[in-house]
There are 2 protein chains.
Amino acid sequence: MKIKDIAKLAGVSPATVSRVMNNKGYVKAEKRKAVERVIRDVNYQPNEIAKSLKNQKSKMIGVIVPKISTETASRVVDGITTVAKEHGYQLIIANTNLDVEEEIRYLNFLSNKLVDGIIMMATEITPIHEEVMSQLTIPIVIVGQKLEGYTSVLHDDYRASKAMVNYLIDKGHTDIAFIGVDPKDEAVGVIRKKAYTDALEEAGISVSNQQFAIGDFEIETAYKSMGELLTRSQPTAVFAVTDHLAIGAIHSISDHGLRIPDDISVVGIGDVKLAKYFSPPLTTVHYMFKTSGIKAAEALFENIQTGVRKNQDIMIDFQFEERSSVCSIIK
Amino acid sequence: MKIKDIAKLAGVSPATVSRVMNNKGYVKAEKRKAVERVIRDVNYQPNEIAKSLKNQKSKMIGVIVPKISTETASRVVDGITTVAKEHGYQLIIANTNLDVEEEIRYLNFLSNKLVDGIIMMATEITPIHEEVMSQLTIPIVIVGQKLEGYTSVLHDDYRASKAMVNYLIDKGHTDIAFIGVDPKDEAVGVIRKKAYTDALEEAGISVSNQQFAIGDFEIETAYKSMGELLTRSQPTAVFAVTDHLAIGAIHSISDHGLRIPDDISVVGIGDVKLAKYFSPPLTTVHYMFKTSGIKAAEALFENIQTGVRKNQDIMIDFQFEERSSVCSIIK
DNA sequence: TTGTACGCGTTATCAT
DNA sequence: ATGATAACGCGTACAA
């Protein structure tokens, strides 16, 4: 069923049908009724593709995600959807599985008229990313990292991590092991680590005396790392850059017959949904990922409407969640 | 940049550029080189919308999800993405937040030429759903529920739940409380409950003596329900239709000063990622949701290629995960 | 082997 | 107030 068919059935021209559908221009009440009737009768759905071509607007935004099956990503996407819906937009999501080449391919593919704008959840931004993005003309918003020249939605990783380490220090800990990830991930691998070392240094605690373990984002990896750490010496606290890593560490510690937090305190970052239901409930930092998605989408739509790419930073609040995985060792 | 511009720059006709881009028809090697050069130089991206309109194929599939920020949904979507990528397809995801009207709207919107097929993750299928879907001409695959006339990907909820309850019975439990959800959700609310009552009946255990609590999917709700149950009488085991509900129950039980599994055994269904890291590790059933997504997508593409809507059932395997949240009470 | 011209379904302009 | 018609960017008969 196309607009022509509807026109024929209603005894009018395609133009009139279009006017009725979009509430534009004048249409005599009588004809309008006739058209509306036909539309309802045949459940006419206009061809969105044709509309897009004509209007030079697809009413779709592209979302590039490293891994959709991740609590973080899906919560951000959830936020984006909310705003998109208000604007009558659909999401096209591209799941890259952390593959840089895929990201580049999708940037190119989505751009230029398939979508009206792109939200990119970034972990690593290479020079190639920058190069490609600078060639694209549609609005782009980055989530999770700062890129000069683009609106970026940021989770205050530095302040959050520092607050966490300072909290540990305040509780009397000076022997704080670090469980982190590869520095390819800027926010998690680099910034959270820097916050950790800065916090120690500012407190006058030797960084070189601490134990470090760097791995991937998997619980099992943290489990193994923690095990190795424990064969060397026993810290009084562990700062894991991720809740999942903290959980891995906790299990290793328990399996070594040690108690948390009595023997070793453990903290994470991120506040996954189940963090507070663990035993002990995990002390961590809560990020409002859905809010990130909302803010990113709002910025993108502003961008789409005004047509100017802003170099804007949007900081998303975090919240310290003090629970029971830390104990004070002040005498 | 459009095809015309490229043609001009390469000194050929638009048709030739098209032939080069799609590797169709004959093009003299020399001209091909020239065109390819220009394409690379200006990083030409063909307008996908125009292609879709011309080809009557959008190379996109629609995915209707009740809630993307859910472990289940995001794992299914992950599977779909994998297959879609192999076919050169993109996903348009529609997050309905469990709103039936939204689902209907999206079914209509996505259909007829915006997408080449739809995968719908269903919780509740109303007569309106059926009505609308029967009017659509594009292939549709349902995930999570059976709908007559459509390819359906199913998680063997009945067998899985029954296996779980039988396991409890084998361990000597006859006093098994039930924590479920509203019957609007067919698979979780209805089938899992039926499996529970059937298992009891078949074992000759009175169903009417059991305690029931029906709520939503939230951990907190289960926490409260469990608390109320406990004020009445103390079962020896709890069958929760969801891991989250099981977790809520576990917390309530602990907060009442009871131990798991020593005082009360608790089981869930679903095996969320963190289930095995709880204390005690939760006995549950593992569903391969990513596999569901993969199978659904494969079925959809077959559907798209052959053009016939199959009335096919695809059962996804489950796996019993025996962990430590259950204890035997056989003397 | 290549180019011209039409059509995909819609909207917007311009007459009427 | 309404209808004919030209675009939107691409692919493909058909002609050359």
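Each chain gets a letter, A, B and so on, in the order its sequence line appears, and its residues count up from 1.
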* Please step through side-chain contact (heavy atoms from CB on, under 4.5 Å) for the pair B:Thr70 and B:Phe217, ending with a clear verdict. => CA-CA 11 Å; B:Thr70 239; B:Phe217 285 85; over 6 Å; no
Would you list the atom pairs, donor with acceptor, under 3.5 Å between side chains in residues 138-148 of chain B and any protein atom, with sequence neighbours excluded?
residue  : atom : partner  : partner atom : Å
B:Lys146 : NZ   : B:Tyr150 : O            : 3.1
B:Lys146 : NZ   : B:Asn311 : OD1          : 2.8
B:Lys146 : NZ   : B:Asp313 : OD1          : 2.6
B:Glu148 : OE2  : B:Asn311 : ND2          : 2.7

* Asked: End-to-end bend of the helix from C:dT1-D:dA16 to C:dT16-D:dA1 (five-pair axes, 10° rounding)?
  -> 50°
* Asked: If only atom types and distance count, is the side chain of A:Asn97 paired as donor or acceptor with the main-chain N or O of A:Asp99 below 3.5 Å?
  -> no
* Answer yes or no: is there a donor N or O on one side and an acceptor on the other, between the side chain of A:His129 and the main chain of A:Thr126, under 3.5 Å? => yes
* To do: List in chain and number order the residues that pass side-chain hydrogen bond (donor to acceptor under 3.5 Å, both in side chains) with B:Arg75, two or more places apart in sequence or in another chain; answer none if no residue qualifies.
  => B:Glu71
* Asked: For A:Ile49, does its backbone N or O pair with a side-chain atom of A:Asn47 as donor and acceptor, under 3.5 Å?
  -> yes
* Kindly write out the residues that satisfy side-chain hydrogen bond (donor to acceptor under 3.5 Å, both in side chains) with A:Arg37, not counting sequence neighbours, or none if the list is empty. => none
* Take the angle between the ring planes of B:His155 and B:Tyr287 and call it parallel below 30°, perpendicular above 60°, tilted in between. => tilted
* Would you check if the side chain of B:Ser18 reaches a backbone N or O of B:Pro14 as a donor-acceptor pair within less than 3.5 Å? => no
For residues 58-69 of chain A, please give each side-chain donor-acceptor pair under 3.5 Å, one per line with the distance, not counting sequence neighbours.
residue : atom : partner  : partner atom : Å
A:Ser58 : OG   : A:Met60  : N            : 3.2
A:Ser58 : OG   : A:Leu114 : O            : 2.8
A:Ser58 : OG   : A:Asp116 : OD1          : 3.3
A:Ser69 : OG   : B:Asp78  : OD2          : 3.3

* Sequence-distant partners of A:Pro46, side-chain contact (heavy atoms from CB on, under 4.5 Å), two or more places apart -> A:Met21, A:Tyr44, A:Glu48, A:Lys51
* **Strand-adjacent residues in residues 11-24 of chain B, judged by heavy atoms under 4.0 Å from DNA chain D** => B:Ala15, B:Ser18, B:Asn22, B:Lys24
* Taking everything shown except B:Glu101 itself, do over 12 heavy atoms lie less than 6.0 Å from its CD? -> no
* To do: Would you please name every residue forming a salt bridge (Lys or Arg N to Asp or Glu O under 4.0 Å) with B:Lys310, sequence neighbours left out?
  => B:Glu302
* Structure fact -> By side-chain contact (heavy atoms from CB on, under 4.5 Å), A:Thr82 pairs with (sequence neighbours left out) A:Glu86, A:Lys290
* **Range on DNA chain D touched by chain B - first to last nucleotide, heavy-atom distance under 4.0 Å** => D:dG9 to D:dT12
* To do: Anything under 4.0 Å to a heavy atom of chain A counts; send over the first and last such nucleotide of DNA chain C, read 5' to 3'.
  => C:dG9 to C:dA12
* Taking atom CD of A:Gln305 as the centre, does the number of heavy atoms from other residues, nucleotides or ligands within less than 6.0 Å exceed 12? -> yes
* Enumerate the residues from residues 34-61 of chain A whose closest heavy atom to DNA chain D is under 4.0 Å, giving them by residue number; use none for an empty result. => A:Leu53, A:Lys54, A:Gln56
